[in-house]
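What follows is a single structure, written as structure tokens, with notes after it.
On a predicted model such as this, the values are computed, not experimentally measured, just so you know.
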Amino acid sequence: MTPSITIIVPIYNVEKYLSCCIDSILNQTYRDFELLLIDDGSTDKSGEICNEYALRDKRIRVIHKPNTGVSDTRNCALDIATGKYVIFMDADDYWTIKTALEQLFDIAEANDLDIIRGEYKAVNEKGKLLFSHPISFARLAISKKIISSYEFLKYGINGEFFLVLSLFRKSILKNIQFEKGRIFLEDMRFYSQILLQDLRCMYVPELKFYAYRKYSTSASSKINPLKIRDSFDMCEFFYSLSKKTGVNELKVLFQKMSIHIYHSTLETLANDEYYINCRKYITDLKLNSKEKEIRKWISEFKLRKYFLSIIYYIPPIIGIYLFRIKHKLGRYIIFPKRNIKKILSYLHLKQ
């Protein structure tokens with residue numbers, strides 16, 4: 001019999017946390033699911049742990065494969081998923097509410113939803129609460145209502161592209177895959193493509209069912225130059241999506257996102273761990289050309305009134321220096337464009 005939900009868990013060297021993850025799934029009150037444990041070439045005991053659980057519960061299917069990364073691993077799981085709905089989970093995290101799956105499924109069925117999203121709390125290695133973000137009034141205003149793809153992207157996701165918080169109708173994922181070779185913002189790429197469709201969505205912030213484990217050796221915390229590459233590449237990606245949608249609100253939102261991510265990624269290069277090699281990043285990633293392209297887009301989209309910071313109108317190296325000043329001052333100063341020459345003089349640089 002075909003299960004109602006497919007739960008996808010990509011796994012790589014997480015023996016310390018894997019049992020906690022799987023137990024939180026098997027303890028769910030909702031039982032009609034298949035659990036796909038995809039072992040991405042683990043070199044620790046993760047694969048053995050998966051096999052042991054599969055022997056105990058026939059709803060579990062284990063796939064062992066060579067290490068190709070999380071994107072390809074998720075794609076492999078999607079290819080064999082049989083559920084009406086799909087939900088993803090990271091192997092070092094866990095669900096905190098036993099009725100989470102039941103609630104997500106019941107709400108999705110009752111409202112004929114394509115996507116329903118809950119919320120998360122961050123915990124440390126031992127599961128102790130680190131933080132749980134308050135929900136803004138704007139997001140609460142649309143909570144528990146059927147909303148469009150645009151509203152879901154702007155308010156439901158609100159910049160946090162955590163794929164693991166959502167239950168998806170599997171049919172809307174057809175012909176959409178995770179891009180292989182990416183190590184950062186894979187969720188952002190995948191999610192954004194899904195939302196090009198006209199979907200019925202819902203955001204339920206009260207359902208904080210997901211425990212996101214933050215620790216020093218997690219994949220999301222490691223410093224990697226490819227993260228900078230993947231982040232800057234999102235500029236062109238969002239730009240391309242803005243050309244694909246016929247929904248004007250969504251088009252403008254993608255346009256703004258294509259520009260905002262340049263700003264945020266450039267600021268990352270001002271952090272100590274990346275700053276030491278910032279000139280190499282500028283050269284390798286052709287950031288001088290990218291800055292000119294960003295300026296062109298601001299003009300093309302007629303969005304100048306939204307992007308007043310001089311960061312968008314000066315060479316990347318100077319933008320990085322200004323971000324360094326911001327970090328040292330501990331506050332953000334919007335430098336008017338007319339003061340660029342004074343700033344450059346202060347920095348002993350030439351534009």
* **Check: Asp230 side chain, Ile183 main-chain N or O, donor-acceptor pair, under 3.5 Å** => yes
* Contacts of Asn13 that satisfy side-chain contact (heavy atoms from CB on, under 4.5 Å) - sequence neighbours left out -> Ser42, Thr43, Asp44
* To do: Could you verify whether a donor N or O on one side chain and an acceptor N or O on the other, from Thr96 and Lys121, lie under 3.5 Å apart?
  => no
* To do: Among residues two or more places apart or on two chains, list those pairs meeting salt bridge (charged side-chain N to carboxylate O under 4.0 Å, His left out) that have a residue in residues 145-161.
  => none
* Asked: Donor-acceptor pair, Ser299 side chain versus Arg295 backbone, under 3.5 Å?
  -> no
* To do: Indicate whether the side chain of Tyr12 and that of Asn67 have a donor and an acceptor atom separated by less than 3.5 Å.
  => no
* Closest approach of Leu140 to Pro205 (non-hydrogen atoms, all atoms of both residues) -> CD2-CG, 4.2 Å
* Structure fact -> On a heavy-atom basis, the closest approach of Thr29 and Glu102 is OG1-OE1, 2.5 Å
* Applying side-chain contact (heavy atoms from CB on, under 4.5 Å), run through Leu78 and Phe88 and close with a yes or a no. => CA-CA 10 Å; Leu78 284 174; Phe88 296 91; 3.9 Å; yes
* Structure fact -> The ring-ring contact (aromatic ring centres under 6.0 Å, His included) partner of His260 among Tyr306, Tyr312, Phe238, Phe307 is Phe307
* Asked: Would you say Thr245's side chain and Leu196's backbone share a donor-acceptor pair under 3.5 angstrom?
  -> no
* **Ring geometry between Phe232 and Tyr262 (parallel below 30°, tilted from 30 to 60°, perpendicular above 60°)** => tilted
* To do: May I have all residue pairs that pass ring pair (Phe, Tyr, Trp, His ring centres under 6.0 Å) and include part of residues 110-145, sequence neighbours excluded?
  => Tyr120-Phe162, Phe131-His133
* Asked: Which pair of non-hydrogen atoms, one from Ile87 and one from Leu104, has the smallest distance, and what is that distance?
  -> CD1-CD1, 4.0 Å
* Side-chain heavy-atom pair Asn51, Asp39 within 4.5 angstrom cut-off -> no
* Is the closest side-chain heavy-atom distance between Asp79 and Gln177 below 4.5 Å? -> yes
* **Flag, side chain of Asn27 to backbone of Lys98, donor-acceptor distance under 3.5 Å** => no
* Asked: So how far is it from Thr73 OG1 to Ile8 CD1, rounded to the nearest 0.5 Å?
  -> 11.0 Å
* Structure fact -> Rounded to the nearest 0.5 Å, the CE atom of Met89 sits from the CD1 atom of Ile25 at a distance of 4.5 Å
* With Asp272 via side-chain hydrogen bond (donor to acceptor under 3.5 Å, both in side chains) - residues at least two apart -> Arg324
* **Pairs flagged by salt bridge (charged side-chain N to carboxylate O under 4.0 Å, His left out) wherever residues 165-178 is involved - sequence neighbours left out** => Asp112-Arg169, Asp114-Arg169
* Begin with the C-alpha distance, continue with both residues' side-chain angles, and end with the deciding distance and a verdict on side-chain contact (heavy atoms from CB on, under 4.5 Å) for Glu236 and Trp297. => CA-CA 10 Å; Glu236 285 78 11; Trp297 292 350; 4.3 Å; yes
* Which salt bridge (charged side-chain N to carboxylate O under 4.0 Å, His left out) pairs, counting each pair once, include a residue from residues 1-16, with sequence neighbours left out? -> Lys16-Glu125
* Single-linkage hydrophobic cluster, 4.5 Å side-chain cutoff, Ile63 and Val70 together -> no
* Greater than 12 external heavy atoms within 6.0 Å of Ile276's CD1 -> no
* Asked: Does the side-chain contact (heavy atoms from CB on, under 4.5 Å) test come out yes or no for Leu322 and Ile310, once each step is laid out?
  -> CA-CA 10 Å; Leu322 292 181; Ile310 64 171; 3.5 Å; yes
* Closest contact, heavy atoms only, Val62 versus Ala54 -> CG2-CB, 3.7 Å
* **Short side-chain to backbone donor-acceptor contact, Ser149 and Leu199, under 3.5 Å** => yes
* **Atom of Ser231, atom of Leu185 and distance for their closest heavy-atom approach** => CA-CD1, 3.7 Å
* Could you name each residue pair satisfying ring pair (Phe, Tyr, Trp, His ring centres under 6.0 Å) that touches residues 22-56, not counting sequence neighbours? => Tyr30-Phe105
* Quick one: do Leu266 and Leu329 end up in the same hydrophobic cluster if we chain Ile, Leu, Val, Met, Phe, Trp and Tyr together by side-chain heavy atoms under 4.5 Å apart? -> yes
* Asked: CG of Asn124 to CG of Leu130: how many Å apart, nearest 0.5 Å?
  -> 5.0 Å
* **Lys144 NZ: over 12 foreign heavy atoms closer than 6.0 Å** => no
* Structure fact -> Applied to residues 49-60, the salt bridge (charged side-chain N to carboxylate O under 4.0 Å, His left out) test, sequence neighbours excluded, yields Asp57-Arg59
* Asked: Backbone N or O of Asn288 within a donor-acceptor pair of the Glu293 side chain at under 3.5 Å?
  -> no
* To do: Decide side-chain contact (heavy atoms from CB on, under 4.5 Å) for Leu207 and Ile107; before the verdict, give the C-alpha distance in whole Å, the side-chain angles of both, and the deciding distance to 0.1 Å.
  => CA-CA 11 Å; Leu207 188 54; Ile107 296 172; 5.6 Å; no
* Residue list, ring-ring contact (aromatic ring centres under 6.0 Å, His included) with Tyr275, at least two apart or on another chain -> none
* **Approximate separation, where rounding is to 0.5 Å, of Ser71 OG and Lys180 NZ** => 10.0 Å
* Asked: Is the backbone of Asp92 close enough, under 3.5 Å, to the side chain of Asp90 for a donor and an acceptor to pair up by distance?
  -> no
* Side-chain donor/acceptor of Arg182 to backbone N/O of Lys227, under 3.5 Å -> no
* Any donor-acceptor pair under 3.5 Å from Lys214 side chain to Val123 backbone -> no
* To do: Quick one: list whatever passes side-chain contact (heavy atoms from CB on, under 4.5 Å) with Thr268, sequence neighbours left out.
  => Ile228, Asn271, Tyr274
* Structure fact -> In short, side-chain hydrogen bond (donor to acceptor under 3.5 Å, both in side chains) pairs touching residues 188-205 with sequence neighbours left out are Glu119-Tyr203, Arg139-Tyr203, Ser166-Tyr191, Glu179-Arg189
* Asked: With Glu34, which residues qualify under side-chain contact (heavy atoms from CB on, under 4.5 Å), at least two apart?
  -> Pro3, Thr6, Leu36, Arg61, Ala81, Thr82
* Asked: To the nearest 0.5 Å, how far apart are CD in Glu300 and CD1 in Ile294?
  -> 11.0 Å
* To do: For the pair Gln255 (side chain) and Phe301 (backbone), establish whether a donor and an acceptor sit closer than 3.5 Å, ignoring hydrogens and angles.
  => no
* When rounded to the nearest 0.5 angstrom, what distance separates CH2 in Trp95 from OG in Ser24? -> 6.5 Å
* Asked: Is it true that Lys65 and Asp40 make a salt bridge, defined as a side-chain N closer than 4.0 Å to a carboxylate O?
  -> yes
* **Closest non-hydrogen atom pair between Cys21 and Val9, with its separation** => SG-CG1, 4.2 Å
* Is Asp187 salt-bridged to Arg74, cutoff N-O under 4.0 Å? -> yes
* Asked: Is the shortest heavy-atom distance from the side chain of Ile157 to the side chain of Phe152 under 4.5 Å?
  -> yes
